[in-house]
Protein chains: 2
Amino acid sequence: MSGDPIITVDPSQPVPPYVQIRDQIADLVSTGGLAAGTRLPTVRQLAADLGLANGTVARAYQELEAAGQLETRRGGGTRVAPQAGGRRAAVVREHAHEFATTMRRLGVTAAEALAAVDQAFELGDSDRKDLTVISVQSE
Amino acid sequence: MSGDPIITVDPSQPVPPYVQIRDQIADLVSTGGLAAGTRLPTVRQLAADLGLANGTVARAYQELEAAGQLETRRGGGTRVAPQAGGRRAAVVREHAHEFATTMRRLGVTAAEALAAVDQAFELGDSDRKDLTVISVQSE
DNA sequence: TCCTTTGTATCAAGGACTTGATGCAAAGGT
DNA sequence: ACCTTTGCATCAAGTCCTTGATACAAAGGA
């Protein structure tokens with residue numbers, strides 16, 4: 001039982017640690033890798049594991065709570081928000097909206113944009129970001 | 001001729017001036033608002049118009065050249081790259097690819113994603129959240 | 001209620017990024 | 001060839017962001 005590591009942070013990357021933490025958790029929550037109600041490591045725990053300050057982890061949790069993905073209670077820890085799973089649809093809509101907006105600004109028609117997305121799906125992915133290394137601690 | 005207001009910069013915005021300039025030009029080039037071969041204002045000219053330092057405008061031009069959108073020659077000015085117009089397709093593909101990758105990571109099927117994009121187009125522009133940041137540049 | 005757990009607020013230090021100014025180098029025009 | 005035009009390189013200063021440490025507040029358990 002290795003009290004597995006929770007999230008990985010690469011300090012050499014230009015994107016700041018608190019963003020790395022935030023995005024990794026956001027991905028997991030959105031994809032269902034972390035079910036609603038699942039308890040996350042405490043701020044101190046995760047900070048210690050990653051060798052960071054409490055405030056750094058706290059900031060990540062905070063922004064995720066503001067985004068509705070997490071729920072925190074002092075003394076009670078931090079958990080994945082109840083409807084967080086249901087947020088997937090919202091996340092999809094949001095991305096689609098942004099994509100559509102960009103396409104419109106480029107003067108691209110809906111048909112053209114749809115064709116491009118369709119093709120992108122068929123091509124499969126070339127640049128694969130390293131996915132998260134989270135292990136859920138259940139209790 | 002042409003005292004055309006090509007570019008505007010709003011210092012109050014959080015995004016730095018050189019990025020504002022870069023993105024505006026990138027948009028114009030992508031959409032064909034600036035045809036291939038079109039000569040842009042000189043670094044000094046644009047800097048003076050905007051009340052900025054030469055280096056600020058130069059940086060924007062530089063990054064655009066690195067991205068293949070512009071071509072510069074010392075003493076010869078800066079022009080829209082010959083195949084820049086043809087880049088629109090590349091830009092579209094790039095965005096579509098990024099969108100598709102995100103969708104896949106969310107476990108969204110192609111059909112579902114296409115439906116979302118289609119709907120986003122029908123809805124038109126409403127409010128713009130800034131949760132996700134999609135940047136245009138490659139490389 | 002008391003004590004522990006856990007998230008929050010604050011603030012100073014450090015670093016990264018952006019800007020501005022100036023001099024240099026290369027291309028163009030005559 | 002000469003001189004002008006125009007982009008590039010460099011470097012210091014200012015600003016903004018991020019981090020780390022510490023003290024505080026709220027919730028939970030016995």
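In what follows, chains carry the letters A, B, and so on, assigned in the order in which the sequence lines appear, proteins first and then strands, with residues in each chain numbered from 1. All of these numbers come straight from a predicted model, not from anything done at the bench.
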> Please list, in numerical order, the residues of residues 50-57 of chain B that have a heavy atom closer than 4.0 Å to any atom of DNA chain C.
B/Leu52, B/Ala53, B/Asn54, B/Thr56
> CZ of B/Arg74 versus P of C/dA27: gap in Å, rounded?
8 Å
> Just N and O in the side chain of B/Gln62: are any of them under 4.0 Å from OP1 or OP2 of D/dA9?
yes
> Ignoring hydrogens and geometry beyond distance, is the side chain of B/Arg44 in donor-acceptor contact with the base of D/dG7 at under 3.5 Å?
yes
> For the pair made of CZ in A/Arg22 and C1' in D/dT18, what is the distance, rounded to whole Å?
13 Å
> Can you tell me how far apart CD (A/Gln20) and CD (A/Gln13) are? Round to the nearest 0.5 Å.
4.5 Å
> In whole angstrom, what separates A/Ile25's CD1 from C/dG7's C1'?
14 Å
> Ignoring hydrogens and angles, tell me if any N or O in the side chain of A/Gln24 forms a donor-acceptor pair with the backbone of A/Thr8 under 3.5 Å.
yes
> Checking contacts here: which listed nucleotide (C/dG7, D/dG7, C/dG28) is nearest the side-chain heavy atoms of A/Thr72?
C/dG7
> To the nearest 0.5 Å, what is the distance between CD1 (A/Ile25) and CD1 (A/Ile7)?
3.5 Å
> Quick one: label B/Glu65 by what it contacts on the DNA or RNA (base, sugar-phosphate, nothing), any heavy atom closer than 4.0 Å.
sugar-phosphate
> For DNA chain C, which residues of residues 11-20 of chain B approach it to below 4.0 angstrom with any heavy atom?
B/Pro16, B/Pro17, B/Tyr18
> What nucleotide among D/dT18, D/dG28, C/dT19 has an atom nearest to a side-chain atom of B/Arg59?
C/dT19
> Check whether any side-chain N or O of B/Arg73 sits under 4.0 Å from OP1 or OP2 of D/dC8, and answer yes or no.
no
